[in-house]
Structures are given as structure tokens and as C-alpha cells.
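All values reported here derive from a predicted model rather than from experimental measurement.
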Amino acid sequence: MIGVGKMKQYSNVLDKPLSKGKQEVSLSAFAFLFSELVQYNQTQVDNIAELERRLEDAGYAVGARALELLCHREKGNRRETRLLGILSFVHSTVWKALFGKVADSLEKGTEHEDEYMISEKELLVNRFISIPKDMGTFNCGAFVAGIVRGVLDNAGFPAVVTAHFVPVEGQQRPRTTILIKFAEEVLRREAKLG
């Protein structure tokens, strides 16, 4: 029996509501877990491109789940149907839920109509990673690119998402840019709606 002022007891974890709960994870715990993910995948592959693909696949699963959870919490189970709406959702809501802040910038590509870029001065997954010289252009941002692709694909906006280092004058570490290239069907649908 439920009394006044007493908390309701749940017999099953699946019966509990999806409340916001504590939103922080220890940075050192995340860094350790992520480094283990990278090291494990590094032993399973022969080249850097394959390692980045595996990290992107791991991120894709995170992105799919993040979309479901954030749509439920933030939007009352409604999803974005417009291109700029979903980009804004990723740039602000998803980024803030995952990294504790809004992404540094969201820009439209100048050369191609179907390209957008999310830039981050110091991406969390690259912060504690030192890349050996023999690994050259390896970018752990592939994991975040996978998260973004997972969110976009599951929201109905198929895209090719890649992570790139962009050198910044006067800074030792380059900034990370997540390049989003939408499928042609997304642009046709947007033109019909627009």
C-alpha cells in the first residue's frame, strides 16, 4: 500500500520512470573506458581506417540510443522532421547531454549544398589521447562521428559522417570538425517541405 509522502516501490527496473537522474559520469572513468575501447579495437584491426570504422560503429549504437532517450525526455516523444531542426538538435541537445556543453559551432559547407560541419575546439574523446607517429592521422573523433550518424540515421536523415582534424593557427592541438554529408533523398524531401 502506498502511504502519503512515501515513495512508490518498483518491483522491476523496467517499471521505473525515465527521469533525468544524475547526468554526470566521472571524467577519469570515461577516459579509462574509452581508452580500453580504443585499445581493444586496435588489437582487432590491421590499419587506421578499419580502427576508425570500428569506433564509428560503436558510436552509432550510442547515437541511436541517445536519440530515443532525448526525444522522450526533451521533446515528449516527438522527432524533428526538418533538416535545420535535426542539426540544431544534434548541435545543442545531444551535444549537451553527452559532453555537458553545446558544440562550438555549426556551419553550412560553402562548396557543397549537402554538407554541414560541427566543430569542437577540444573534443572530449581526443583530449586524453596521444597518437603515436606511426598512426599518422588517426582521429578518435570517429566515435563521435558515429554518434552523430546514429542520431541522424535513426531520425530519418541518412548521412555520411566523418571526423577531421583542422589545424588552428597559434594552437598546438587542431580542432575537430565533424563533417555531415546528407543523402540526396534528404535534400529532395527538404525541398518538397520547404
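Distance check, rounded to the nearest 0.5 Å: CD1 of Ile86 to OG1 of Thr81 gives 9.5 Å. With values rounded to the nearest 0.5 angstrom, Glu74 atom CD is found 9.0 Å from Ser92 atom OG. A distance of 8.5 Å separates CZ of Arg127 from CD of Glu120, quoted to the nearest 0.5 Å. Separating the CG atom in Leu123 from the CG atom in Asn139 is a distance of 7.5 Å, to the nearest 0.5 Å. Distance check: Glu190 CD to Glu113 CD gives 11.0 Å after rounding to the nearest 0.5 Å. To the nearest 0.5 Å, the span separating CD1 on Ile48 from CD on Gln42 amounts to 9.0 Å.
For Lys181, the NZ atom counts as densely surrounded, since its 6.0 Å shell holds more than 12 non-hydrogen atoms of other residues, nucleotides or ligands. Surrounding CG of Asp46 are at most 12 heavy atoms belonging to other residues, nucleotides or ligands under 6.0 Å away. Surrounding CZ of Arg82 are more than 12 heavy atoms belonging to other residues, nucleotides or ligands, all under 6.0 Å away.
Using a 4.5 Å heavy-atom cutoff, the side chains of Cys71 and Arg78 are not in contact. Leu179 has its side chain out of reach of Val161: every pair of non-hydrogen atoms, C-beta onward, lies at least 4.5 Å apart. You'll find the side chain of Val38 reaches within 4.5 Å of the side chain of Cys140, heavy atoms only. Side-chain contact between Val186 and Pro158 is present, with heavy atoms from C-beta onward closer than 4.5 Å. Leu87 places a side-chain heavy atom less than 4.5 Å from the side chain of Phe182. Side-chain contact between Tyr116 and Leu84 is present, with at least one heavy-atom pair separated by less than 4.5 Å. Using a 4.5 Å cut-off on side-chain heavy atoms (C-beta onward), Trp95 and Thr93 make no contact. For the pair Leu106/Met117, no side-chain contact is recorded, criterion being any heavy-atom separation below 4.5 Å from C-beta on.
Panel note: side chain Thr43, backbone Tyr40; a donor-acceptor pair is recorded below 3.5 Å. Side-chain atoms of His164 do not come within 3.5 Å of backbone N or O of Thr177 as any donor-acceptor pair.
The two residues Val94 and Val90 make their nearest non-hydrogen contact at CB-O, 3.6 Å. Residues Ala159 and Leu152 come closest through the heavy atom pair CB-CD1, 4.2 Å. Residues Ala142 and Ala163 approach most closely at N-CB, 3.7 Å, considering heavy atoms. When all heavy atoms are compared, the tightest approach of Leu70 to Ala97 is CD2-CB, 3.7 Å. Smallest separation of non-hydrogen atoms from Ile178 and Gly141: CD1-O, 4.0 Å.
Among residues two or more places apart in sequence or in another chain, the ring pair (Phe, Tyr, Trp, His ring centres under 6.0 Å) test is passed with Phe34 by Phe30, Phe143.
Under the 4.0 Å criterion applied to side-chain N and carboxylate O atoms, Arg53 and Glu50 are assigned as salt-bridge partners. Note on Glu56 versus Arg149: salt bridge recorded, some NZ/NE/NH1/NH2 to OD/OE distance being below 4.0 Å. No salt bridge links Asp114 with Lys108; every basic N to acidic carboxylate O contact stays at or beyond 4.0 Å. A salt bridge is absent between Glu184 and Arg189: the closest approach of a Lys/Arg side-chain nitrogen to an acidic carboxylate oxygen does not fall below 4.0 angstrom.
No hydrogens or angles considered: nothing links the side chains of Ser119 and Asp104 as a donor-acceptor pair under 3.5 Å.
One hydrophobic cluster holds both Val62 and Phe99 under the rule that ILVMFWY side chains link at heavy-atom gaps under 4.5 Å. Val166 and Val160 are members of different hydrophobic clusters when ILVMFWY side chains are connected at heavy-atom separations under 4.5 Å. No continuous path of ILVMFWY side-chain contacts below 4.5 Å connects Phe32 to Leu124, so the two sit in separate hydrophobic clusters. Hydrophobic clustering (ILVMFWY, side-chain heavy atoms < 4.5 Å, transitive): Val102 and Phe89 are in distinct clusters. Residues Ile118 and Tyr60 do not share a hydrophobic cluster, clusters being chains of Ile/Leu/Val/Met/Phe/Trp/Tyr side chains in contact below 4.5 Å.
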**Audit row: Arg54, Val45, side-chain contact (heavy atoms from CB on, under 4.5 Å) steps and yes/no** = CA-CA 9 Å; Arg54 288 180 69 118; Val45 298; 3.2 Å; yes

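At least one cation-pi condition fails for Arg79 and Phe157: the charged atom is not both under 6.0 angstrom from the six-membered ring centre and inside a 45 degree cone around its axis.
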